[in-house]
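I have placed the structure first, in the form of structure tokens, so that the comments after it can refer back to it.
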Amino acid sequence: MAFAAPPTLSTGASQGIGKTRYTDYPLAMAVATTIFFMWGFLTVLNDILIPHLKSVFELNYAQAMLVQFTFFGAYFLMSLPAGRLVAALGYKKGIVAGLGIAALGAFGFWPAAQLHSYAAFLAALFVLATGITVLQVAANPYVALLGPERTSSSRLTLAQAMNSLGTTLGPLLGGLLILSATSASIPPSLHKAPETVTLVHALNNAEPAQAIVAMQQAPADRLIAALGDAAAGSLDRLPSDQVAATMSQLPPERLADVLDKLPVNQLAATLAAQSTERMAALPADRLASALDKLTAARLDATTAAQLLSVREKLSVDTRQKLSSYRQKQSDLVRAPYLGLGLVLIVLAAGVWMFRMPALTEATERADQTHHTLLDALRHPHVFFGVLAIFFYVGAEVSIGSFLVNYLSLPDIGHMSEQQASRYVSMYWGGAMVGRLAGSAMLVWINPRKLLAAFATIAGLLVITTMLTHGQVAMASVIAIGLFNSIMFPTIFTLGIERMGPMTGKASSLLVMAIVGGAILPLVQGVLADRLGIQHAFILPVLCYAYIVFYGLRGSHIRDQALPASTS
């Protein structure tokens, strides 16, 4: 695959002086957007891996967030080596090297699953993220430089729209292949039956004693449907020991269907009330899901003691059954990542055969004075841009990482993890729509003002999801993706604006700042363990507040020695 290169451009021309075209290299732009799609697809699969590995290895939220800590920590540790690699190889070979390294990391999921080791999964993720770091260092500035500076924000936003297409499709495929659906299947007609509606009303509004009597008198199917439809707060007010006694009257196969519908206190009491034989009769997937829910929850002393007693009463056969189930769950990640590794190898071969422009005038090869990273960081718009990338990526990744568990909460979405993965796709799909629209808007609207406006709306949506429940909380948290859309590409292009030969240095610094995706989700995980998931969203609110500042003040170029912009 090849294209006819346009006439050789001077440095001034390459910066967009006197140019009106959107891009000088349309075919190179098309190839680059394919790269953006792949790394978006790979990155968003972490949102599916987190709840999956959390279940497989019985982790709390802080431990599960080590997935993002490892993945995005690679950006910080490997950004400078990646920058040197791209400087030595050039943009094209750097992109090929990044794809190859990412493929090696994807192949590493096979032995990690065989070993059933969380540490091995994290090691494979680190290698995968190293490859994506190389792609970030090479591809982001490359797309920004494929035409006039005036349209660089728009051009990078358009490429990021393809990245968002990958993040939209990733949760759908990942949820289908990796996550398991453990909820009981209840016919819609049963939910609408008058008897079920009456039972739900009793659970929500009747005195606790009357609600318990109504539960005891209801057939198993109707009870399961009503428990799924009742408000979580209503179930919380019922005496745990009486709920446990009622649940113990159900046969094991029907008891398994209600476990995921019970609040934490009632769930712990119900499991503690079961005999060793009844525990052994529960399906492994339902029992494992119930234990995971208790492990991740904030437990008082009584509930923690009940969980301990549940684990102690598990028979050897039950423990083996759970271990076999978790091993099978671990194996589920092998085939998807093996397939992704093969796709990356094919894509690397395609890029290798494609003739792409060198654009060396904006690389370190054109830097006659050999500037350092500190030289680039001394420019205020670069320094504030590094912080903006840190907080933006931290906020975006934190929200995406918690979406599956957040939407599964009884008072938010009350759904299975597999069902929640579809809404994760909607969250990232909103970013894709926003980037397609934003690419057009940024041609005509000041990028700084649009960035500040989008960050303000995103912060307000986070506050809304913190203060509400049910459909409103769901809609507001998913809508954040739409307004995340233009932030990364706009911050990135503002951060490398007018940097000339120091563009590569500024780019490396901005890519290093993606480490926010490692640190902030871990902090939010600690907050979630202590405050609950919903209150932990205060962290993204603070991040968006900083981005508003960057759009309004921090992104302005203060060094008059930099070349004049034509935008």
Side-chain angles (χ1 to χ4, degrees), residues 47-61 63-64 113-114 116 118 121 171-187 220-221 223-225 227-228 244 247-248 250-264 266-268 270-297 306-307 310-311 313-336 404-405 407-410 413-422 424:
D47 295 345
I48 303 301
L49 273 180
I50 286 170
H52 182 72
L53 296 181
K54 181 176 179 294
S55 172
V56 169
F57 295 103
E58 298 186 73
L59 309 171
N60 60 29
Y61 286 118
Q63 292 169 331
Q114 289 290 98
H116 191 62
Y118 188 44
F121 275 112
L172 294 176
L173 183 60
L176 181 64
L177 297 179
I178 296 175
L179 294 180
S180 299
T182 58
S183 297
S185 177
I186 304 295
D221 286 346
L223 175 60
I224 295 169
L227 288 173
M247 298 300 106
S248 296
L250 299 173
E253 64 274 11
R254 306 309 291 164
L255 173 63
D257 291 336
V258 304
L259 293 180
D260 66 318
K261 297 173 174 56
L262 297 175
V264 169
Q266 281 80 357
L267 175 60
T270 297
L271 289 178
Q274 307 309 307
S275 65
T276 299
E277 292 72 20
R278 280 176 62 85
M279 294 285 284
L282 294 174
D285 59 338
R286 304 296 176 84
L287 178 57
S289 178
L291 293 175
D292 295 340
K293 182 176 181 178
L294 293 175
T295 301
Q306 289 174 328
L307 175 58
V310 168
R311 294 188 182 280
K313 73 169 58 174
L314 296 177
S315 67
V316 175
D317 288 343
T318 303
R319 294 176 190 273
Q320 182 58 45
K321 183 170 64 173
L322 285 172
S323 177
S324 298
Y325 168 74
R326 296 193 187 281
Q327 178 62 59
K328 291 178 180 178
Q329 292 296 100
S330 178
D331 290 343
L332 287 176
V333 303
R334 292 190 301 181
V404 169
N405 293 115
L407 295 176
S408 301
L409 292 177
H414 202 80
M415 62 185 70
S416 70
E417 291 182 346
Q418 190 179 78
Q419 291 172 319
S421 69
R422 301 169 190 166
V424 177

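These values consider heavy atoms only, across backbone and side chains, with no hydrogens, waters or symmetry-generated copies.
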Pairwise distance [atom1]([X]) to [atom2]([Y]) - rounded to 0.5 angstrom:
X: Leu267; Y: Lys261; atom1: CG; atom2: NZ; result: 12.0 Å
X: Ile48; Y: Leu332; atom1: CD1; atom2: CG; result: 12.5 Å
X: Lys328; Y: His116; atom1: NZ; atom2: NE2; result: 13.0 Å
X: Gln114; Y: Arg334; atom1: CD; atom2: CZ; result: 4.5 Å
X: Thr318; Y: Leu282; atom1: OG1; atom2: CG; result: 8.5 Å

Residue pair [X] / [Y]: nearest heavy atoms and the distance that separates them:
X: Leu271; Y: Ala290; answer: CD1-CB, 4.1 Å
X: Ala268; Y: Gln306; answer: CB-OE1, 3.5 Å
X: Ala272; Y: Val310; answer: N-CG2, 3.5 Å
X: Gln274; Y: Ser248; answer: NE2-OG, 3.0 Å
X: Pro252; Y: Arg278; answer: CD-NH1, 3.8 Å

Under the rule for side-chain contact (heavy atoms from CB on, under 4.5 Å), what residues qualify as partners of [X], not counting sequence neighbours?
X: Ala220; answer: Leu250, Arg254
X: Gln320; answer: Ser324
X: Leu307; answer: Leu291, Leu294, Leu299, Arg311

Checking the side chain of Ser289 only, and the main-chain atoms of Asp285 only, is there a donor and an acceptor separated by less than 3.5 Å? no
Polar side-chain atom of Lys321 near backbone of Ala280 as donor-acceptor pair, under 3.5 Å: yes
Is the closest side-chain heavy-atom distance between Val333 and Phe121 below 4.5 Å? yes
Can you find a pair of side-chain heavy atoms, one from Leu259 and one from Met247, that are under 4.5 Å apart? no
Thr276: partners by side chain to side chain donor-acceptor pair (under 3.5 Å), with sequence neighbours left out: none
Set of side chain to side chain donor-acceptor pair (under 3.5 Å) partners for Gln63, sequence neighbours left out: none
With sequence neighbours excluded, what pairs up with Tyr118 under the ring pair (Phe, Tyr, Trp, His ring centres under 6.0 Å) test? Phe57
Please walk me through it: do Leu287 and Leu314 pass side chain to side chain contact (heavy atoms under 4.5 Å, CB included)? CA-CA 11 Å; Leu287 178 57; Leu314 296 177; 4.2 Å; yes
